[in-house]
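A quick write-up on the structure given underneath.
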Amino acid sequence: MTHTARRIGRSLALVLPVVLVLSGTLAVTMVPWADTSSSQLVTASAEGVSTPAKPRAAHEVLRTQLVGELQQGQAPDDVLTHLQQEVNRRPSLAEHCVGIARALGRAAVEAYGPTKAQSFARPVCDTSYATGVASMG
């Protein structure tokens, strides 16, 4: 590479990012929806800003949904069927099936008492539902 080409390359390396930033800023301020009146200016501040909620994992959403169904009076055997259907539909949930079934067992004990909750036990996720019932009873 010649000396002149290096010098041009260095100049571009310094100038090009500045040009790109300025052109992007100008493009954003020139769009029709950008209101430039002084009454609409907003300053950025960290005060009063809440942090966005973290997205919940699919298994956490499913656990909350199924426990909610149980707490709303749906029979535990129906809720266990929903759990099995979801695991069949989304195999990635299989590793969380045990924890969800245990949570359902505990929720069933709270809703029905240990004896009646145990009567709903089925071999969903091995015996995890029954383990959840036993841990509460």
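Remember, it's a predicted structure, so these values are computed and weren't measured experimentally.
Pairs engaging residues 100-110 under the side chain to side chain donor-acceptor pair (under 3.5 Å) rule: none recorded [sequence neighbours left out]. Contacts classified as ring-ring contact (aromatic ring centres under 6.0 Å, His included) and involving residues 67-89 (residues at least two apart or in different chains) are not found.
Under the rule for a side-chain contact (heavy atoms from CB on, under 4.5 Å), the partners of Thr64 that lie at least two apart in sequence or sit in another chain are Arg56. Among residues two or more places apart in sequence or in another chain, the salt bridge (Lys or Arg N to Asp or Glu O under 4.0 Å) test is passed with Glu69 by none. By the side-chain contact (heavy atoms from CB on, under 4.5 Å) test, Thr4 pairs with Thr2, Ile8, sequence neighbours left out.
Closest of all the heavy-atom pairs between Val79 and Leu70 is CG2-N, 4.0 Å. Annotation for Ala108 and Pro76: closest pair CB-CG, 4.2 Å, computed over non-hydrogen atoms. The two residues Leu62 and Leu83 have their closest heavy-atom pair at CD2-CD1, 4.1 Å. Between Gly99 and Arg63, the shortest heavy-atom contact is C-NH2, 3.8 Å.
Atom CG of residue Leu104 and atom CG of residue Asp77 lie 11.5 Å apart, to the nearest 0.5 angstrom.
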Could you go through residues 87-96 and list every donor-acceptor pair under 3.5 Å that involves a side-chain atom there, pairing it with any protein atom two or more places apart or in another chain?
unit_1 : atom_1 : unit_2 : atom_2 : d
Asn88  : OD1    : Gln84  : NE2    : 3.2
Asn88  : ND2    : Gln84  : O      : 3.3
Arg89  : NH2    : Glu86  : OE1    : 2.8
Arg89  : NH2    : Glu86  : OE2    : 3.4
Arg90  : NH2    : Glu86  : OE1    : 3.3

